[in-house]
Amino acid sequence: MSRAQREIVISDGKALRMYCCGPTVYRDAHVGNLRTFLLGDLISRLVQVSGFSMHNVQNITDVGHMVDDLHEPREAPSEEDKVLTQAAMEHKDPFTLARSYEAKFHKDIARLGIRSFDIYPRASESIELMFALIQKLIDSGHAYVGEDESVYFSANSFESYGALSGNKLEELVPGHRYEYVGDGAKRFHADWALWKAAGERTEMVWESPWGRGFPGWHIECSAMSLHYLQSHVDLHLGGIDLRFPHHENERAQSNAATLSEVTDHWVHGEHLLFEGRKMSKSAGNVLLLEDLVQAGYDPLALRLVFMENRYRSQMDLNWEQISAAHGTLQRWRSKYQEWSKAELHNDQAIVAELIESIFEPLRADLDTPKALLKLRAIERDANISDRTKAQVFESVDKFFGLDINRVEVAKELPAAAEELLTTREQARKERDFARSDQLRDQLLELKIKVIDGPSGQSWEVIP
RNA sequence: GGUCGGAUGGCCGAGAGGCGAGGCUCAGGACUGCAAAUCCUGCUACACGGGUUCAAAUCCCGUUCCGACCUCCA
């Protein structure tokens with residue numbers, strides 16, 4: 001364990017094993033969640049473009065994740081399950097609700113150009129795996145059954161607890177942010193539940209060797225990652241907020257069960273702010289990918305904005321950046337089409353060199369801003385032939401995933417606009433420029449931008 | 001209170017002892033009937049106070065301010 005940047009190694013020499021903490025499917029994933037999910041895609045693409053195999057897993061948390069910000073003002077941690085709470089609010093069966101948000105999650109990541117992982121195991125379908133893991137931890141003395149029939153992990157039993165997050169057990173006592181409500185069945189304040197007794201709860205509960213109940217959040221990821229990645233994780237990904245307690249606890253569980261350091265690398269994506277503030281329901285600034293699409297932007301513009309910022313820096317998103325990225329994307333696609341028509345030069349060595357100059361900062365530290373900077377420099381460089389530019393852009397897009405070779409298809413034109421365009425074309429022929437300018441303004445109100453070129457007018461729908 | 005990050009031009013943001021990142025906005029120019037797009041040019045900054053050095057945005061000491069995490073979260 002160290003906090004330094006280290007070279008990533010494929011431990012079995014075959015495929016890089018990566019585990020990403022996935023969504024809790026009780027609501028739509030906002031763009032901040034998506035930024036972290038994108039990080040998994042960028043790593044996967046980089047590994048694959050570099051010629052290595054990838055084995056990646058992302059879990060779906062559909063049970064056991066406790067409520068956080070559904071209540072205002074913030075109170076002590078609630079003993080309610082996020083999925084159950086939301087299901088009650090929407091008057092739906094919890095599993096139906098979870099599956100519908102899971103489907104939305106898949107739709108969103110697809111629109112962001114995130115390629116599917118190998119497997120998306122669901123927590124609710126991994127209960128047996130958790131039983132086995134919990135039993136193992138009880139047998140080895142790392143976990144105990146409390147008086148309330150819940151099973152707890154004993155934080156003190158794991159020697160290096162805190163190594164990941166930098167927390168020390170004795171300093172965790174204060175619970176500075178809220179009055180810690182003592183949980184009678186725990187033997188130590190920092191212990192956490194692996195299995196929770198059902199109590200009054202009737203939905204999403206399972207019969208276990210310790211009684212009826214449901215799994216704790218942290219054990220889910222340990223169970224699924226150990227099972228699907230054969231007890232070793234080369235790279236474990238998640239949002240920075242998961243570093244503690246989620247990943248700290250996960251590490252303790254997994255390591256204690258396997259007597260090994262299960263995860264080689266922990267990579268944490270930094271948080272995204274929107275218009276200067278953390279996205280939250282109470283602040284009313286939660287941005288969904290759907291909002292962006294509704295506003296007329298290409299979802300891949302968001303992908304570009306994210307890549308223009310470092311994954312481990314906090315970033316502040318705003319509409320201006322989205323709009324700028326949307327414009328850049330359009331320009332690149334249009335230039336790519338032009339460049340592709342240019343004469344072919346035999347300069348494969350230059351192409352390879354330019355491509356390498358882009359991948360170099362990516363391999364060093366997934367430095368997407370620097371890589372994009374080089375790409376922009378190539379775009380502008382008059383000494384590089386157009387066809388070479390096309391080849392470079394096409395090649396590096398396997399990593400960037402911006403659909404550079406997409407031919408923009410004209411959007412549906414409102415009927416009213418069609419007529420205005422015809423009239424305007426006529427007015428221009430007659431050199432009635434006052435009339436044509438007036439029509440251009442009218443079209444702009446309909447979100448149609450008219451462009452006059454050497455071969456006549458053309459138009460596009462603007463966001 | 002503990003731990004960890006920051007502070008750079010109108011705005012966003014890299015960089016990490018000498019060689020002016022880049023983007024956005026804005027202004028000027030080319031092109032255009034005019035716009036738009038595109039291209040060219042311009043705006044030249046490193047929180048504050050000390051210190052080290054031939055040379056500091058960068059290193060050291062101190063100060064101020066901001067943010068994150070501290071058993072909710074991507």
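These numbers come from a predicted model, not from an experiment.
Heavy atoms of A:H268 sit nowhere under 4.0 angstrom from any nucleic acid atom.
Listed nucleotides B:G23, B:G67, B:A14 differ in distance to A:R376; the shortest reach to its side chain belongs to B:G23. Among the nucleotides B:G67, B:A74, B:C70, the one closest to any side-chain atom of A:F244 is B:C70. Considering only the side chain of A:N33, B:A74 comes nearest among B:A68, B:A74, B:G13. Among B:C70, B:A74, B:G13, the nucleotide with an atom closest to any side-chain atom of A:R27 is B:A74.
With rounding to whole Å, A:H246 atom NE2 is found 16 Å from B:C69 atom P. Atom pair A:H326:NE2 and B:A37:P shows a separation of 13 Å (rounding to whole Å applied). In this structure, A:E275 places its CD atom 20 Å from P of B:C24, rounding to the nearest Å. At whole-Å resolution of the value, CG in A:D316 and P in B:C24 are 18 Å apart. The nearest whole Å value for the distance from the CE atom in A:M307 to the C1' atom in B:A14 is 17 Å.
Within residues 99-120 of chain A, no residue has any heavy atom under 4.0 Å from RNA chain B.
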Report all interatomic pairs (protein N or O, nucleotide N or O of nucleotides 33-36 of chain B) with separations under 3.5 Å.
residue, atom, partner, partner atom, Å
B:G33, N1, A:D437, OD1, 3.0
B:G33, N2, A:D437, OD2, 2.7
B:C34, O2, A:D437, OD1, 3.4
B:C34, O2, A:R440, NH2, 2.5
B:C34, N3, A:R440, NH1, 3.0
B:C34, N3, A:R440, NH2, 3.3
B:C34, N4, A:D452, OD2, 2.9
B:A35, N6, A:D452, N, 3.4
B:A35, N6, A:D452, O, 2.6
B:A35, N1, A:D452, N, 3.0
B:A35, N3, A:R440, NH1, 2.9

Report, one pair per line, the protein and nucleotides 2-11 of chain B atoms (nitrogen or oxygen only) whose separation is under 3.5 Å.
residue, atom, partner, partner atom, Å
B:G2, O2', A:E171, OE1, 3.2

Show the distances under 3.5 angstrom between N or O atoms of the protein and N or O atoms of nucleotides 38-46 of chain B.
residue, atom, partner, partner atom, Å
B:C39, OP1, A:K335, NZ, 3.0

Checklist outcome for this item: For RNA chain B, the expected dot-bracket line (Watson-Crick or G-U under 3.5 Å, [ ] crossing, | inter-strand) is (((((((..(((.....[...))).(((((.......)))))....(((((..]....))))))))))))....
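Within the 6.0 Å centre-distance limit, the rings of A:W192 and A:Y161 are counted as a close aromatic pair.
For the C1' atom pair drawn from B:C60 and B:A16, the interatomic distance equals 15 Å after rounding to whole Å.
The side chain to side chain donor-acceptor pair (under 3.5 Å) analysis of residues 362-371 of chain A, with sequence neighbours excluded, yields the pairs A:S50-A:R363, A:R310-A:D365, A:Y311-A:D365, A:R312-A:D365, A:E356-A:R363.
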